[in-house]
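See structure below.
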Amino acid sequence: MNEPVHTGAPARRGRPPNKSAPGETGRTNDPARTMAEILEVATQEFASKGLSGARIDEIAAATRTSKRMIYYYFGSKEGLYIAVLEDAYRRMRSIESQLHLEDLPPEEALRRLVAFTFDHHAGNEFFIRLVMTENMERGAYLAQSKSIQELNVPAIQAIRHLYERGVAQGVFRAGLDPVDIHASISALTFFNVSNQHTFGLIFKDGALSPQALATRRANVIDMIVRFVRR
């Protein structure tokens, strides 16, 4: 790739490039807003074309900025890609934290978590594509992230807490691993988006119809609950 190589260093601090520089006409001097807009457009670009196919020039044009400014904030194309991955996980975990699972009985909390995960994936195909892209990269770029582990700790903690409450109340069977429960939820909700086109084409089952999605959603919730229930 003819892009600067990401070194894992954080974005530089200091004065941003002159806002009147070529390609930045019309931008306001609002770094946070500029970075948010770049991340939004870059998410679409990387999700649609993958890391190798994405072009910084197109991201710059769509955000009315310049490659120079993008590199100033994110260091490189790879640095921007890592920031996009982190932002995607951060958004999901932020919404998860608002589910208030601790206020619900264990089984109801589990149902809410599975339903949320299903709905999030179904409504955020870009997230699924990004995860698929990074798996094709064998996780090489997420491995460079300094925050990805911390971002995902709350997801496992939430499952561990509701699961332990369920075991203590005699609702859930003992001996299950919260990470394995998380993996099962992810697998059953991820596949519906990642394989929707090939699966629907091969089996002609109308998998994309609202009725089919509603049925699948109910089945996935039921499968996870049955797996955990005592």
Side-chain angles (χ1 to χ4, degrees), residues 43 46-48 50-51 81-82 84-102 104 106-145 147-167 171-200 205 207-208 212-229:
T43 294
F46 286 121
S48 299
L51 175 59
Y81 170 70
I82 292 171
V84 163
L85 288 171
E86 291 173 342
D87 186 61
Y89 278 101
R90 184 179 296 109
R91 288 173 181 269
M92 181 177 183
R93 300 312 177 204
S94 176
I95 301 172
E96 272 184 348
S97 69
Q98 300 172 31
L99 295 177
H100 300 293
L101 302 178
E102 66 278 3
L104 301 172
E107 183 173 317
E108 185 178 346
L110 182 58
R111 288 181 178 276
R112 176 176 289 188
L113 177 61
V114 178
F116 159 75
T117 308
F118 187 98
D119 293 341
H120 174 274
H121 291 354
N124 292 273
E125 187 171 351
F126 283 158
F127 175 79
I128 302 301
R129 288 176 175 269
L130 286 170
V131 175
M132 292 170 66
T133 293
E134 183 57 11
N135 273 285
M136 292 177 66
E137 299 289 343
R138 299 181 182 275
Y141 295 94
L142 271 186
Q144 300 178 43
S145 170
S147 65
I148 199 64
Q149 297 293 335
E150 182 180 348
L151 283 173
N152 287 280
V153 165
I156 302 303
Q157 287 181 335
I159 293 177
R160 176 176 288 109
H161 292 160
L162 76 85
Y163 171 66
E164 289 178 349
R165 285 196 294 122
V167 172
V171 178
F172 297 153
R173 60 193 178 97
L176 298 180
D177 179 3
V179 175
D180 187 58
I181 296 173
H182 176 73
S184 298
I185 295 172
S186 296
L188 289 172
T189 56
F190 193 96
F191 178 90
N192 305 293
V193 184
S194 65
N195 289 52
Q196 60 181 310
H197 301 292
T198 52
F199 192 89
D205 68 341
L208 297 178
L213 283 175
T215 299
R216 182 62 183 164
R217 181 181 188 270
N219 288 342
V220 168
I221 294 172
D222 193 46
M223 280 188 279
I224 294 297
V225 170
R226 288 173 179 266
F227 167 62
V228 176
R229 185 186 289 156

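Since the structure is predicted, the reported quantities are computational estimates derived from the model, not experimental observations. All values below were derived from every heavy atom in this structure, side-chain atoms included, with hydrogens, water molecules and symmetry-related copies excluded.
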| message | Run the side chain to side chain contact (heavy atoms under 4.5 Å, CB included) test on L85 and F46 for me, step by step, so that the C-alpha distance in whole Å, both residues' side-chain angles and the decisive distance to 0.1 Å come before the verdict. | response | CA-CA 10 Å; L85 288 171; F46 286 121; over 6 Å; no
| said: Please evaluate residues L104 and H100 with respect to the criterion side chain to side chain contact (heavy atoms under 4.5 Å, CB included), reporting the C-alpha separation (whole Å), side-chain torsions for both, the decisive distance (0.1 Å), and the verdict. | reply: CA-CA 7 Å; L104 301 172; H100 300 293; over 6 Å; no
| task | Decide yes or no on side chain to side chain contact (heavy atoms under 4.5 Å, CB included) for F191 and V220, but give the supporting numbers first. | result | CA-CA 11 Å; F191 178 90; V220 168; over 6 Å; no
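A donor-acceptor contact shorter than 3.5 Å is absent between the side chain of D222 and the backbone of A218. Checked by atom type and distance alone, the side chain of D180 never pairs as donor or acceptor with a backbone atom of L176 at under 3.5 Å.
In this structure, the salt bridge (Lys or Arg N to Asp or Glu O under 4.0 Å) partners of R129, at least two apart in sequence or on a different chain, are E125. Partners of I95 under the side-chain contact (heavy atoms from CB on, under 4.5 Å) rule, at least two apart in sequence or in another chain, are F116. Partners of A155 under the side-chain contact (heavy atoms from CB on, under 4.5 Å) rule, at least two apart in sequence or in another chain, are R93, E96, H182. Taking M136 as the reference, nothing meets the side-chain contact (heavy atoms from CB on, under 4.5 Å) condition, with sequence neighbours excluded. With sequence neighbours excluded, no residue forms a salt bridge (Lys or Arg N to Asp or Glu O under 4.0 Å) with R173. Every salt bridge (Lys or Arg N to Asp or Glu O under 4.0 Å) that D119 has, sequence neighbours left out, goes to R217.
The two residues L130 and A88 come nearest to each other via the heavy atoms CD1-CB, 4.1 Å. Nearest heavy atom pair, residue L101 against residue A158, reads CD1-CB, 4.2 Å. In this structure, A109 and R165 approach most closely via the heavy-atom pair CB-NH2, 4.1 Å. The two residues P106 and L162 have their closest heavy-atom pair at CB-O, 3.8 Å. Shortest non-hydrogen contact noted between I185 and T189 is O-OG1, 2.8 Å. When all heavy atoms are compared, the tightest approach of F227 to S184 is CE2-OG, 4.3 Å.
Here OG of S97 is found 12.0 Å from CD of Q157. Values are rounded to the nearest 0.5 Å. Atom OH of Y163 and atom CG of D177 lie 9.0 Å apart (nearest 0.5 Å). Atom-to-atom distance recorded for L142:CG and S147:OG is 9.5 Å, nearest 0.5 angstrom. The distance from the CZ atom of R111 to the CD atom of E107 is 5.0 Å, given to the nearest 0.5 Å. Rounding to the nearest 0.5 Å places CG of L188 at 6.0 Å from CZ of R216. Separating the CD atom in E134 from the OH atom in Y89 is a distance of 8.0 Å, to the nearest 0.5 Å.
Crowding of E102 atom CD: a count of heavy atoms from other residues, nucleotides or ligands under 6.0 Å exceeding 12.
Looking at H121 and N192, their side chains never come closer than 4.5 Å, going by heavy atoms from C-beta outward. Looking only at side-chain heavy atoms (C-beta outward), F118 and I221 stay at 4.5 Å or farther from each other. With a 4.5 Å cut-off on side-chain heavy atoms, T117 and M92 count as touching.
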